[in-house]
> 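I'd like to ask you about the structure that follows.
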Amino acid sequence: MQVNFGKETRKMKTRFTEMFGVEHPIVQGGMQWVGRAELIAAVANAGALGCLTALTQPTPEDLAKEIGRVRDLTDKPFAVNFTILPTLKPVPYEEYMDAIVSSGVKIIETAGNNPKVFMPKLKEAGVKVIHKCTSVRHGISAQKVGVDAISIDGFECAGHPGEDDTPGLILIPRAVEQIDIPIVASGGFADGRGLAAALALGADGINMGTRFMATKEAPVHEKIKQEIVDASELDTTLIFRSLRNTARMFTNSISKQVIEMEGEGKSIQEIGPVASGMRGRKVYEEGDVEAGVWSAGMCIGLIHDVPSVQELVDRIVSEAEGVIRDRLGAIVA
Ligand SMILES: Cc1cc2nc3c(=O)[nH]c(=O)nc-3n(C[C@H](O)[C@H](O)[C@H](O)COP(=O)(O)O)c2cc1C
């Protein structure tokens with residue numbers, strides 16, 4: 001990130017850009033079905049950090065091939081997202097982890113659970129770990145087991161915001177107060193104003209999911225990208241609250257049905273098929289907004305176009321520069 005302070009041009013460095021060897025303090029977080037090679041490579045080529053989503057690949061062997069595809073498309077750093085969450089079907093986590101490590105990946109984004117059991121293997125292989133979590137206490141626990149950075153996801157975020165309901169405006173500075181390693185602010189970020197705000201709160205970078213879905217390179221049907229552009233910040237909803245596995249989804253007939261079923265006290269076995277990930281996959285592939293539940297964050301209200309990843313990253317960086325230098329600079333001048 002180049003920042004012009006008067007005549008002088010400086011590269012904006014944060015602990016994040018230094019530690020992970022990327023040009024800009026921007027991460028594209030793991031996204032089930034969306035975090036595939038084309039998007040990850042586009043993010044890497046734009047100078048940000050993309051996270052390939054391990055569990056989007058049906059088997060560990062497919063994941064190893066997908067990592068190879070990213071390498072064919074970029075020689076810049078990238079990460080793999082490794083999400084450890086309760087699933088209806090058991091996941092061979094150890095084997096996915098082995099595929100990541102043996103492919104020589106050097107950055108991993110863990111989420112959903114403390115990565116303690118995997119840390120010895122990751123450290124031995126020289127893999128840097130960004131642990132994404134939704135509370136400061138989980139961030140502190142992850143720091144204790146040796147992760148390198150914490151991505152702290154506020155209540156606004158797409159996917160799993162946890163059960164504390166603490167928005168980023170409070171969560172980010174609380175994390176900065178109590179955690180020593182670099183902090184990536186996540187949830188609700190979609191533009192340069194957000195990046196400048198996160199840096200002002202003490203974070204070392206931002207993580208975005210929903211904003212990257214509405215880019216040219218995201219493997220998401222055009223109709224869904226348009227749905228994102230047309231939606232407002234009021235168009236997301238929280239499912240699985242009653243199961244204490246809250247997820248923020250786009251509001252559609254299926255997310256409403258899931259909430260109704262929760263209210264009727266239906267079991268996870270009954271709700272599971274309605275809220276299944278495979279139905280969500282159909283949304284992205286076929287462009288049918290009502291095919292299943294699909295993740296979206298409140299920042300959907302800040303998304304007004306479908307740029308290329310390069311255009312998006314460049315715009316966020318230059319807008320953040322403008323906010324820091326011109327808008328904020330003029331206030332204190
Ligand atoms: C479609 C979609 C799928 C997601 N899937 C995952 C996932 O599998 N694992 C994970 O750790 N986070 C997942 N997330 C969360 C993102 O990585 C990121 O933390 C979140 O989107 C940040 O909030 P934002 O959408 O407001 O930018 C997903 C987000 C979206 C939009």
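Source: prediction; values computed, not measured. Scope of the values below: all heavy atoms of this structure, side chains included, with no hydrogens, waters or symmetry mates. As the structure lists them, so they are numbered: ligands from 1, and atoms in each ligand from 1.
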> So, is E109 polar-close to ligand 1, with some N/O to N/O distance under 3.5 Å?
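For ligand 1, there is no N or O atom that lies under 3.5 Å from one belonging to E109.
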> Would D164 and R137 satisfy side chain to side chain contact (heavy atoms under 4.5 Å, CB included), going step by step from the backbone distance to the final call?
CA-CA 11 Å; D164 292 347; R137 63 187 182 283; 2.8 Å; yes
> Less than 4.0 Å between a side-chain N and a carboxylate O, is that true for R281 and E285?
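Looking at R281 together with E285, the answer is yes, because their closest N to O distance falls below 4.0 Å.
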> Would you compute the distance between atom CD1 of I316 and atom CG of L312 and round it to the nearest 0.5 angstrom?
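Atom-to-atom, I316:CD1 and L312:CG are 4.0 Å apart.
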> Less than 4.0 Å between a side-chain N and a carboxylate O, is that true for D153 and R248?
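Between D153 and R248 there is no salt bridge, as every charged N stays at least 4.0 Å from the carboxylate O atoms.
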> What distance separates L122 CG from T110 OG1, expressed to the nearest 0.5 Å?
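Spacing of CG (L122) from OG1 (T110) equals 8.0 Å.
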> Any idea which atoms of ligand 1 are less than 4.0 Å away from a heavy-atom of Y284?
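Here the atoms of ligand 1 in question are 1 (C).
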> To which protein heavy atom is atom 4 (C) of ligand 1 closest, and what is the distance rounded to 0.1 Å?
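It is M31 CA, 3.3 Å.
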> Under 4.0 Å from a heavy atom of M208: which atoms of ligand 1 are those, numbered in the order shown and with their elements?
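Near M208, the atoms of ligand 1 are 27 (O).
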> Between K121 and D98, is there a side-chain N and carboxylate O pair less than 4.0 Å apart?
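D98 and K121: salt-bridged.
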> Does ligand 1 have a heavy atom under 4.0 Å from the side chain of C299, from its backbone, from both, or from neither?
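Contact part for C299 vs ligand 1: side chain (C-beta onward).
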> Whether R15 and E18 form a salt bridge (side-chain N of Lys/Arg under 4.0 Å from carboxylate O of Asp/Glu) is what I want to check.
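Salt bridge: no.
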> Can you report which non-hydrogen protein atom sits closest to atom 9 (N) of ligand 1, along with the distance?
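Nearest neighbour among protein heavy atoms for atom 9 (N) of ligand 1, to 0.1 Å: T83 OG1, 2.8 Å.
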> Give the atoms of ligand 1, by number and element, whose distance to some non-hydrogen atom of A111 is under 4.0 Å.
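Counting atoms of ligand 1 from 1, those under 4.0 Å from A111 are 11 (O).
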> Charged N to carboxylate O below 4.0 Å: is that the case for R69 and E38?
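Between E38 and R69 there is a salt bridge, with a charged N closer than 4.0 Å to a carboxylate O.
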> So if I count the atoms of ligand 1 from 1 in the order they appear, which ones are less than 4.0 Å from some heavy atom of K132?
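Every atom of ligand 1 under 4.0 Å from some heavy atom of K132: 10 (C), 11 (O), 12 (N), 15 (C), 16 (C), 17 (O), 18 (C), 19 (O).
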> Against heavy atoms of S186, which atoms of ligand 1 measure under 4.0 Å?
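Those qualifying, in numeric order: 19 (O), 22 (C).
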> Using a 4.0 Å cutoff against the non-hydrogen atoms of G188, which atoms of ligand 1 qualify?
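Counting atoms of ligand 1 from 1, those under 4.0 Å from G188 are 24 (P), 26 (O).
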> Can you list the ligand 1 atoms lying under 4.0 Å from a non-hydrogen atom of G209?
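Going through ligand 1 atom by atom, the ones under 4.0 Å from G209 are 21 (O), 22 (C), 24 (P), 25 (O), 27 (O).
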> For ligand 1, find out whether one of its N or O atoms is nearer than 3.5 Å to an N or O atom of A296.
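There is no such contact.
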> Going by distance only, is there an N or O of S295 that falls short of 3.5 Å from an N or O of ligand 1?
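Among all N and O atoms of S295, none is under 3.5 Å from an N or O of ligand 1.
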> Checking contacts here: is it the side chain or the backbone of F250 that comes within 4.0 Å of ligand 1, counting heavy atoms only? Could be both or neither.
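Neither part.
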> Distance to 0.1 Å, residue and atom name: give those for the protein heavy atom nearest to atom 18 (C) of ligand 1.
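Looking at atom 18 (C) of ligand 1, the protein heavy atom closest to it is N207 ND2, 3.6 Å.
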> How close does the nearest protein non-hydrogen atom get to atom 5 (N) of ligand 1, and which residue and atom is it?
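For atom 5 (N) of ligand 1, the nearest protein heavy atom is Q32 N, 2.9 Å.
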> Hey, are N81 and T53 close enough side-chain-wise for a donor-acceptor pair under 3.5 Å?
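T53 vs N81: no donor-acceptor pair found between side chains.
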> Give me the nearest non-hydrogen protein atom to atom 20 (C) of ligand 1 as residue plus atom name, then the distance to 0.1 Å.
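Here the closest protein heavy atom is A158 O, 3.7 Å.
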> I'd like to know if K123 and D148 make a salt bridge, using a cut-off of under 4.0 Å between side-chain N and carboxylate O.
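The answer is yes: the pair qualifies as a salt bridge.
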> Side chain or backbone of T210 under 4.0 Å from ligand 1, or both, or neither, by non-hydrogen atoms?
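For T210, backbone and side-chain atoms both sit under 4.0 Å from ligand 1.
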> Numbering the atoms of ligand 1 from 1, which are under 4.0 Å from a heavy atom of D153?
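Near D153, meaning under 4.0 Å from one of its heavy atoms, ligand 1 has 19 (O), 22 (C).
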> Are any of the side-chain nitrogens in D305 or R211 under 4.0 Å away from the carboxylate oxygens of its partner?
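Between R211 and D305 there is a salt bridge, with a charged N closer than 4.0 Å to a carboxylate O.
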> Going by distance only, is there an N or O of N81 that falls short of 3.5 Å from an N or O of ligand 1?
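Yes, there is a polar N/O contact under 3.5 Å.
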> Locate the shortest heavy-atom distance separating E66 from L52; write the atom from each residue and the value.
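Looking at all heavy atoms of both residues, the shortest contact is CG-CD1, 3.6 Å.
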> Heavy-atom pairs closer than 4.0 Å: do any link ligand 1 to the side chain of M213, the backbone, both, or neither?
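For M213, only side-chain atoms sit under 4.0 Å from ligand 1.
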> Any idea which protein heavy atom is nearest atom 14 (N) of ligand 1, and the distance to it?
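Answer, as residue, atom name and distance: G30 O, 3.1 Å.
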> For F82 and Y93, take the angle between the two ring planes, folded into 0 to 90°, and tell me which bin it lands in: parallel under 30, tilted 30 to 60, perpendicular over 60.
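If you compare the ring of F82 with that of Y93, the planes turn out perpendicular.
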